[in-house]
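Since the structure comes first, as structure tokens, the remarks are kept for the end.
This one's a predicted model, so the numbers in the text were calculated from it and none came from an experiment. Residue indices begin at 1 and follow the sequence shown.
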Amino acid sequence: MTGPLVPFREIVLKVHSRCDLACDHCYVYEHADQSWRTRPKTISDEVIFRTAQRLAEHAKTHALPSVSVILHGGEPLLAGPARLRRICEELTAAFDGVAELDLRIHTNGLQLSPRYLDLFSEYDVKVGISLDGDREANDRHRRFADGRSSHPLVLKAVELLRQERYRHLNLGLLCTIDIENDPRAVLDALVELDPPLIDFLLPHATWDEPPPRPDGSRTAYADWLLAVFDRWQEQGRPVPVRLFSSVLSTLSGGPSLTESLGLAPTDLVVVETDGQLEQVDSLKSAYEGAAATGFDVFTHAFDEVAAHPGVRARQLGLDGVSETCRSCPVVRSCGGGLYTHRYKSVDAVDPARAFDHPSVYCDDLEALVRGIEERTSASAVPAAVADPAELGAEQRDLTRTALAVLHSDLNGLGGDHWAAAWELASTVEGSEGGSRGLDEALAHPYARSWLHDALSAVHEERPGAGRVAWRLSSYVAAAVVRAGLDLAVPVAYRDGVLALPGLGSLRIDGPQDDGTAQVRVTDDGFLVRRTGDGRQGAFERRIVRGGAAGRDWLPVRRLGGGDAPGAAPGSAPRWVLDDLDPYRDCFPARPAARLRQDEADRLGAGLDRAWARIAKRAPRHAAEMAESLTTVTPLNGPAPGEPSVGRHGYGALGIRPDDSAEQLPHALLRGHRRAKLRALLDVTDLYAADGSWEHRTPWQEELVPFSRLLAETYERVALGAFEPHYLDGVPQAIETLEHAAELTVSGKQLLDLMRKEV
């Protein structure tokens, strides 16, 4: 098996191999593997010491920031407080200065007492308790050998853990599902105990020993869990439920949150009481020796176990599931189910084939994922997917967030200039009309390009990183000018040029270096003044609002709206022609130099004519474009009619200034759709695991990743409104996308909108 070694970040340490309950659904004692009978009852000092040393060595080798150790059994509390203290001491000492140690214990709770909890508080050992619901549900399986109920003692343990002095140790409740129990009653009983987390577990089963289905339903476990989910929703989701959180996460493009679902590689190993190193111990449900590796802590490093074929098989993600699962749309959420649940004995030399099957809970998992999706898809999809205005608002929020992060991460690196600009920004925002002016200034498409560049400079500790952030004063000055506020703003300039985003650039006389000038609003525009300091001479320029370019002032120009020679009056919106901003280099192609006025006029006339054609043939797209596209930047390098979209410049479109009248409509439509798709991906995940599958494009018969098929289809839908032949193959492409495993709930909403457009 190929691929990098996945280090272990979670270790189950068996500290006692016997139990004080006789649960008839226990995989350790009641299933195929009976190796517990030959194990020492309690872990020895030598095994504890060697485990601690091996594990710390493994963490150091792989530079792991933290490692979780779960004390387990049997029933781990049967090891006694002295033995558990020895384990905590050895592990804590071994990890000192190596990595953070996350200690946990999973117990039935029967022996739990203040004596144990005081010990656990000393070493910060988090406690998870197994409880299957109310008394009736819990007594169905979790009884003493003589048939007595364990429920009262478990409740006593839970109440003890809920005391204020122990509450910080509470890890939550683990509940094994039995579909004969009332799902709503089970949830109510668990929620009443106010745990920090509930973890529902499917009972371990295989194709050889399938789970009980009293009514014969193929989705009985999904039906039970969905009834729990509905009750959980009714109650306002009072407690996190790991299983539900995992499905909701993967449906939205996020990671799996539990080993039993999802495609994340398994990073868990088990240390038995005799020091044997084994795979995940749920494999004991499959067959005798299924979890064995042949390794132990005395003679083998954890890396040797990580390279074991059985361990690697659970780390292959999508490549580790069956062919049936690979082609299933919900595989990202279910991950093929727990590895153990795929087991089916076969007459084959290669035992790995025994796990090359869907889960014995396959139908349940699919029904569960689809059921949760149906119940939550409307609330899970951001409004920005369907509402262009909301998308613009979320983009502005991203810019504001990036600015706040930069302010925090600078941590004084920007010096007095940044501090003064930040304080002025707060003053502007709190003034009448100032907040709108600041919003308009920060809505400039290249504001985020500057912010991301500044953040990268700070995080990479580039020389002069703090000076990249000085541009904030330019945005504050632009906001003051827009709002007409009576404030003096000190503005940093670079290389002798003072740039006001969205307004223009001023060449300052004197040495071509960096400095600060003051910007102040006047009755008819604004004044830029710099006093002499012995090294630089005094400088003063009065800029008239809407004035033409001069010797040292280059204003940002506007295109469209019927102003350009040869244009139809009112045929297009007024776009900003920004061929000045120093951060307009966020496009894949190189920005062109400032256009001559005749070149700008020709481009404006061409945009007007293109707009008139789009508005006539595709009025809805024209209206949306008018709302979202604000800025045009000329570029060198793109192919004719091929637009360019910047990394962060929502609202800006890069085009060739010499595109023809036939090319410009296509460039505008393509560019608008590319910009919108990129903006949507900024605020939500439309797909996940891109590149794991390949899909055929109807128009080229080419195999491409999901992202490319989605982008091309999205563009063609818009182009098809302008020229219908672009819609050829689009319905088939949408069908392919709709059944792809990469699609999230937000992506499905986008496909619904595309289908309506078609």
Side-chain angles (χ1 to χ4, degrees), residues 12-30 41-42 68-85 87-88 103-178 181 186-201 203 239-242 281:
V12 173
L13 182 60
K14 297 298 190 78
V15 301
H16 200 282
S17 64
R18 305 300 191 267
C19 189
D20 45 2
L21 283 181
C23 307
D24 59 13
H25 59 4
C26 181
Y27 66 87
V28 174
Y29 304 109
E30 303 297 331
K41 287 186 178 180
T42 309
S68 292
V69 177
I70 302 170
L71 309 182
H72 213 281
E75 169 48 48
L77 294 183
L78 291 178
R83 179 98 323 221
L84 292 174
R85 174 175 291 279
I87 293 168
C88 294
L103 280 171
R104 304 179 176 201
I105 188 166
H106 286 175
T107 172
N108 60 30
L110 301 186
Q111 306 290 327
L112 199 64
S113 67
R115 184 181 179 188
Y116 281 107
L117 289 174
D118 288 340
L119 168 65
F120 297 157
S121 188
E122 183 179 346
Y123 289 95
D124 198 28
V125 182
K126 304 295 192 298
V127 182
I129 294 180
S130 297
L131 179 65
D132 290 350
D134 56 14
R135 179 163 184 157
E136 180 182 356
N138 201 68
D139 283 355
R140 197 177 296 278
H141 301 286
R142 306 185 63 80
R143 291 177 173 270
F144 288 98
D146 60 6
R148 286 179 297 125
S149 170
S150 66
H151 191 256
L153 288 174
V154 181
L155 286 189
K156 183 179 177 182
V158 173
E159 289 302 324
L160 184 61
L161 196 55
R162 290 178 64 189
Q163 292 182 11
E164 189 60 37
R165 59 177 172 160
Y166 300 130
R167 190 182 296 273
H168 65 289
L169 301 177
N170 196 344
L171 196 60
L173 301 174
L174 294 85
C175 173
T176 301
I177 298 164
D178 188 315
N181 290 329
V186 167
L187 181 69
D188 288 350
L190 298 178
V191 167
E192 187 178 354
L193 298 174
D194 192 28
L197 178 74
I198 297 173
D199 206 355
F200 286 106
L201 308 174
V239 177
V241 175
R242 192 197 305 272
D281 55 348

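- Partners of Asp20 by salt bridge (Lys or Arg N to Asp or Glu O under 4.0 Å), not counting sequence neighbours: none found.
- Remark: the backbone N or O of Ser17 is not paired with any side-chain donor or acceptor of Lys41 at under 3.5 angstrom.
- Considering only residues two or more places apart in sequence or on other chains, His141 meets the ring pair (Phe, Tyr, Trp, His ring centres under 6.0 Å) condition with His25.
- By the 4.5 Å heavy-atom criterion applied to side chains, Arg143 and Asp24 are not counted as neighbours.
- Not one N or O on the side chain of Arg85 forms a donor-acceptor pair closer than 3.5 Å with the backbone of Pro81.
- Atoms CG and CG, from Leu155 and Leu160 in turn, are 12.5 Å apart once rounded to the nearest 0.5 Å.
- Arg167 pairs by the side-chain hydrogen bond (donor to acceptor under 3.5 Å, both in side chains) definition with nothing, not counting sequence neighbours.
- A 4.5 Å side-chain heavy-atom check between Val158 and Leu161 finds every atom pair outside the cut-off.
- Looking at heavy atoms from C-beta onward, Val127 lies out of side-chain contact with Asn170 at the 4.5 angstrom threshold.
- Distance check: Lys14 NZ to Ile70 CD1 gives 11.0 Å after rounding to the nearest 0.5 Å.
- Considering all non-hydrogen atoms of both residues, Pro195 and Gly172 come closest at CB-CA, 4.3 Å.
- Considering all non-hydrogen atoms of both residues, Ser121 and Leu169 come closest at N-CD1, 3.7 Å.
- At least one donor-acceptor pair closer than 3.5 Å links the side chain of Ser150 to the backbone N or O of Arg142.
- Residue Glu159 places its CD atom among more than 12 non-hydrogen atoms of other residues, nucleotides or ligands, all under 6.0 Å distant.
- For Glu136, the salt bridge (Lys or Arg N to Asp or Glu O under 4.0 Å) criterion is met by no residue, not counting sequence neighbours.
- In this structure, Glu75 and Asn108 approach most closely via the heavy-atom pair OE1-N, 2.8 Å.
- Rounding to the nearest 0.5 Å gives a distance of 12.0 Å between OG1 of Thr107 and NE2 of His16.
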### Query
side chain to side chain contact (heavy atoms under 4.5 Å, CB included) between Val239 and Leu173: does it pass, once the steps are laid out?
CA-CA 11 Å; Val239 177; Leu173 301 174; over 6 Å; no
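- In plain terms, the two heavy atoms of Leu71 and Pro76 that are nearest each other are O-CG, 3.8 Å.
- Atom NE2 of His72 is separated from atom CG of Leu13 by 11.0 Å, given to the nearest 0.5 angstrom.
- Annotation: side-chain hydrogen bond (donor to acceptor under 3.5 Å, both in side chains) contacts of Tyr166 (sequence neighbours excluded): Asp118.
- Looking at Leu197 and Arg242, their side chains come closer than 4.5 Å, going by heavy atoms from C-beta outward.
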### Task
Go through Tyr123 and Leu84 one step at a time and tell me if the side chain to side chain contact (heavy atoms under 4.5 Å, CB included) criterion holds.
CA-CA 10 Å; Tyr123 289 95; Leu84 292 174; over 6 Å; no
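- Looking at Asp132, its side chain does come within 3.5 Å of a backbone N or O of Thr176 through a donor-acceptor pair.
- Lys156 places none of its side-chain heavy atoms less than 4.5 Å from the side chain of Leu110.
- The shortest non-hydrogen separation linking Pro196 to Pro240 is O-CD, 3.3 Å.
- At least one side-chain heavy atom of Leu193 sits less than 4.5 Å from a side-chain heavy atom of Leu131.
- The backbone N or O of Leu77 lies less than 3.5 Å from a partner atom in the side chain of Tyr116, making a donor-acceptor pair.
- Taking 4.5 Å as the limit, some side-chain heavy atom of Leu171 sits within range of a side-chain heavy atom of His106.
- Counting heavy atoms from C-beta on, the side chains of Leu187 and Ile198 come closer than 4.5 Å.
- Contacts classified as ring-ring contact (aromatic ring centres under 6.0 Å, His included) and involving residues 143-162 (residues at least two apart or in different chains) are not found.
- Interatomic distance, SG of Cys23 versus CZ of Arg140, reported as 14.0 Å (0.5 Å rounding).
- Atom CG in Leu201 sits 7.5 Å away from atom OG in Ser130 (nearest 0.5 Å).
- Residue Ala79 comes nearest to Thr42 through the heavy atom pair CB-CG2, 4.3 Å, listed as atom of the first residue, atom of the second, then distance.
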